[in-house]
Amino acid sequence: MMFGHCVIKTVRLENGDLVRVLQVGGVYQSASYLDERRFDPVFSYYFGFDHAFDGDQKPTRVLMIGGGGYSWPKHVAKDYPFVSSLDVVEIEPAVTSLARKWFFLDECMQRYPGVINPIEADGRSYLQAAPASSYDCIAIDAFSGCEPVVSLATVEAAVAAARVLGPSGVLVSNVVSANEGQDVSFLFRYMSSLREAFEHVYVLPCDSDELAVEDNYIVYATNGSVVPDGVLPYEGSMLLAPMRDGD
């Protein structure tokens with residue numbers, strides 16, 4: 001795999017639950033319960049993406065960049081029937097193959113036909129090529145691990161995402177700290193990038209996960225009027241310089 005050595009194993013949580021995990025480059029990238037909850041996320045930050053559904057106008061056309069074990073797509077297909085299509089862009093075909101074989105993706109796609117659509121592509125290239133206003137929601141899960149995908153975090157990427165979304169569309173991204181929670185500089189630079197393209201940019205905390213060593217934050221950007229519940233206050237002076245293509 002292009003992102004490092006991959007291991008699939010079963011671990012037992014402190015409460016006794018057995019979960020199957022996908023470990024890439026020494027980091028847990030995805031996990032699944034092995035019982036009737038196999039379509040439910042193990043990591044709590046995936047529920048943070050659900051803030052995209054907070055408004056009265058529910059999104060029906062959803063794009064996710066970064067498939068992993070397809071935890072959130074399975075959850076959406078099961079729990080949000082108003083979502084008619086969820087395109088999942090994953091650059092590594094082996095990851096989607098593993099999700100199909102080991103993380104119940106095929107079973108979910110059979111149970112909820114026509115919702116999840118895996119696409120093998122580079123996320124930034126897909127954004128650039130997608131038609132304007134073709135999605136109501138974009139979820140990005142490509143900023144975890146030691147090397148987040150910076151090409152999706154620049155001002156130019158934010159402008160591309162805003163163009164692809166409808167006028168009141170929502171972008172939600174999972175951003176992970178570094179140095180065991182001590183370094184959130186990427187979060188602040190990414191928020192600055194988004195503020196160049198979106199009128200409103202919020203950040204929400206996520207609950208701590210037993211299997212995680214870093215903190216997760218959900219960044220919510222929109223040109224619409226919905227304010228998600230539980231946003232963290234911040235001053236513009238806290239933000240760092242935005243990222244740009246070619247930096």
[Y] and [X], any side-chain heavy atoms less than 4.5 Å apart:
X    : Y    : answer
Y217 : V184 : yes
M243 : F186 : yes
C206 : I218 : yes
V226 : V170 : no

Is it possible for you to say whether V155 and V164 belong to one hydrophobic cluster, with membership spreading through side-chain heavy-atom contacts below 4.5 Å?
no
Is V19 reachable from V7 through a run of I, L, V, M, F, W or Y residues, each pair having side-chain heavy atoms under 4.5 Å apart?
no
Is there a donor-acceptor contact under 3.5 Å from the side chain of [X] to the main chain of [Y]?
X    : Y    : result
S30  : L22  : no
S192 : L239 : no
S151 : R124 : no
R189 : A241 : yes
T222 : G169 : yes
R163 : A130 : yes
S134 : P131 : yes
E90  : T96  : no
D141 : N174 : no

Specify the closest pair of heavy atoms between [X] and [Y], including all atoms of both residues, with the distance to one decimal.
X    : Y    : answer
W72  : A139 : CZ3-CB, 3.7 Å
Y46  : S71  : CE1-CB, 3.6 Å
L98  : I8   : CD2-CD1, 3.6 Å
A52  : C137 : CB-SG, 3.6 Å
E199 : N223 : N-OD1, 2.7 Å
P73  : L86  : CA-CD1, 3.7 Å

Tell me whether K58 at atom NZ has more than 12 heavy atoms from other residues, nucleotides or ligands lying less than 6.0 Å away.
yes
Does D56, at its CG atom, have more than 12 non-hydrogen atoms belonging to other residues, nucleotides or ligands within less than 6.0 Å?
no
List for me each residue that meets side chain to side chain contact (heavy atoms under 4.5 Å, CB included) alongside S85, sequence neighbours excluded, and say none if there are none.
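For S85 the side chain to side chain contact (heavy atoms under 4.5 Å, CB included) partners, ignoring immediate neighbours, are R61.
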Qualifying residues under side chain to side chain contact (heavy atoms under 4.5 Å, CB included), relative to S97, sequence neighbours excluded
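S97 satisfies side chain to side chain contact (heavy atoms under 4.5 Å, CB included) with no residue once adjacent residues are dropped.
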Quick one: pull up [atom1] in [X] and [atom2] in [Y] and give me the separation to the nearest 0.5 Å.
X    : Y    : atom1 : atom2 : value
L105 : Q110 : CG    : CD    : 9.5 Å
L18  : L34  : CG    : CG    : 6.0 Å
R244 : E196 : CZ    : CD    : 5.0 Å
S32  : F39  : OG    : CZ    : 8.5 Å
Q128 : S125 : CD    : OG    : 7.5 Å

Assert yes or no for the condition that the ring centre distance of F82 to F53 is strictly below 6.0 Å.
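When the ring centroids of F82 and F53 are compared, they turn out to be within the sub-6.0 Å range.
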Matching residue for I138 among V172, V62, L63 - test: side-chain contact (heavy atoms from CB on, under 4.5 Å):
L63
Of the options D122, I65, V89, V159, which is the one that meets L127 in a side-chain contact (heavy atoms from CB on, under 4.5 Å)?
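Single side-chain contact (heavy atoms from CB on, under 4.5 Å) partner of L127 among D122, I65, V89, V159: I65.
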Please report the C-alpha distance between V42 and Y28 in whole Å, then the side-chain angles of each, then the deciding distance to 0.1 Å, and finally whether the side chain to side chain contact (heavy atoms under 4.5 Å, CB included) criterion is met.
CA-CA 11 Å; V42 174; Y28 287 153; over 6 Å; no
Taking the inter-plane angle between the rings of F49 and Y45 on a 0 to 90° scale, is it parallel (under 30°), tilted (30 to 60°) or perpendicular (over 60°)?
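F49 and Y45: perpendicular rings.
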Only counting residues at least two apart or in another chain, list the ones meeting ring-ring contact (aromatic ring centres under 6.0 Å, His included) with F47.
H75
Does anything in residues 29-46 pair up under salt bridge (charged side-chain N to carboxylate O under 4.0 Å, His left out), and if so which pairs, sequence neighbours excluded?
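Matches after skipping sequence neighbours: D17-R37, D35-R37, R38-E107, D40-K78.
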List the steps and the verdict of side chain to side chain contact (heavy atoms under 4.5 Å, CB included) for H51 and Y202.
CA-CA 11 Å; H51 284 289; Y202 306 104; over 6 Å; no
Inter- and intrachain pairs under ring pair (Phe, Tyr, Trp, His ring centres under 6.0 Å), touching residues 85-136, at least two apart:
none
Side-chain donor-acceptor contacts of residues 113-120 below 3.5 Å, not counting sequence neighbours, with atom names and distances?
| residue | atom | partner | partner atom | Å |
| --- | --- | --- | --- | --- |
| N117 | ND2 | D87 | OD1 | 3.1 |

